[in-house]
Amino acid sequence: MGTTNPTEPDAFAMPQTWDPARYIANARFVADLAMPVVDLLKPVAGERILDVGCGDGYLTKKLADLGCSVVAVDASAAQVESARGLGLDARVVDAEKLAFDGEFDAVFSNATLHWMRDPDAAIDGAWRALKPGGRFVGECGGAGCVAKIRSALSLALARRGHLIEDHNPWYFATGEEYAARLEARGFRVESSLVFPRPTPLPKDAAAWLETFGENFLRPIPAKDRKAFLAEVQEDLRPSLCDADGKWTADYTRLRFRAVKPARLGIPGV
Ligand code: BEZ
């Protein structure tokens, strides 16, 4: 926990919150840039698909519009409300506590799995949710994701006596590490790769941090947060902001496709 205040609450006990309006203003790119992972899913009309971490339902709607029967889950009640507004079957469920049993042709997830404190619990849930022969296709932040942003945060937190490790909510795996977790659960991994995807931001680094980096702000008193964000932003300006004032975040993506074998116990079948 925080190094200066032993009474500080557990940052992980207070999950990141999602305000749908702020999300649309600062994070629409998350779904806009995700069509390649939808292509990797190869959804077929009539298939039953579980969308894990549906956010405001933008991608779920695309799957539904293709003729799939989609159940969407998200831990954020506000996001689920937004998704329901699109006419979707959206439910408030934590991705680490999926309780579906052998009913889906595919489990799909975008920009969610790097938020897992227990990645294996999410993988287990996906496994259980799938029919034999079903596929698990996902994309999330991977090893090295937002390394420059994390480094600037680390410095600004350290100046105030805090360790970034105590407030980091993200798990950024390598392709090999994630494949090993999938295989340990019994999946046959067809691909699991990390690649850089520099990501243009709609506003600036401070707005991005307000949307995605709530955990890092928690140890900072509310009255000091603006100055904290400005400090992190100025540190990042030389590397992430171009001469026209356009910000680009140093994202990487982990993208994978894995299959639950049709005949369990016979690897690769
Ligand atoms: C994402 O939603 O893809 C993301 C969020 C936080 C850090 C990096 C990526």
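Along the sequence shown, residues carry numbers from 1. Bear in mind the structure is a predicted one, so any value in this text is a computation, not a measurement. Just so you know, ligand 1 is whichever comes first in the structure, and atom 1 is the first atom listed for that ligand.
- Residue-ligand proximity, R253 to ligand 1, at heavy-atom distances under 4.0 Å covers atoms 3 (O), 9 (C).
- Judged by the 6.0 Å distance and 45° axis criteria, K203 is not positioned over the aromatic ring of W208.
- Aromatic ring centres of F136 and F256 lie closer together than 6.0 Å.
- Residue, atom and distance of the protein heavy atom nearest to atom 4 (C) of ligand 1 are H114 NE2, 3.3 Å.
- Of all the heavy atoms of R150, none lies under 4.0 Å from any atom of ligand 1, so neither backbone nor side chain is involved.
- When each atom of ligand 1 is checked for a heavy atom of W208 under 4.0 Å away, the hits are 6 (C), 7 (C).
- Near C145, meaning under 4.0 Å from one of its heavy atoms, ligand 1 places the atoms 8 (C).
- Among protein heavy atoms, atom 9 (C) of ligand 1 sits closest to Y251 CE2, 3.6 Å.
- The aromatic rings of Y171 and Y178 sit tilted, their planes meeting at an angle between 30° and 60°.
- A salt bridge is defined here as a Lys NZ or Arg NE, NH1 or NH2 lying under 4.0 Å from an Asp or Glu carboxylate O, and D120 with R185 fails to meet this definition.
- Close contacts between ligand 1 and A111 involve ligand atoms 2 (O), 3 (O) [criterion: under 4.0 Å to a heavy atom].
- A cation-pi arrangement is present between K62 and Y58 under the rule of less than 6.0 angstrom and at most 45 degrees off the ring axis.
- By the 4.0 Å N-to-carboxylate-O rule, R135 lies close enough to E47 to be salt-bridged with it.
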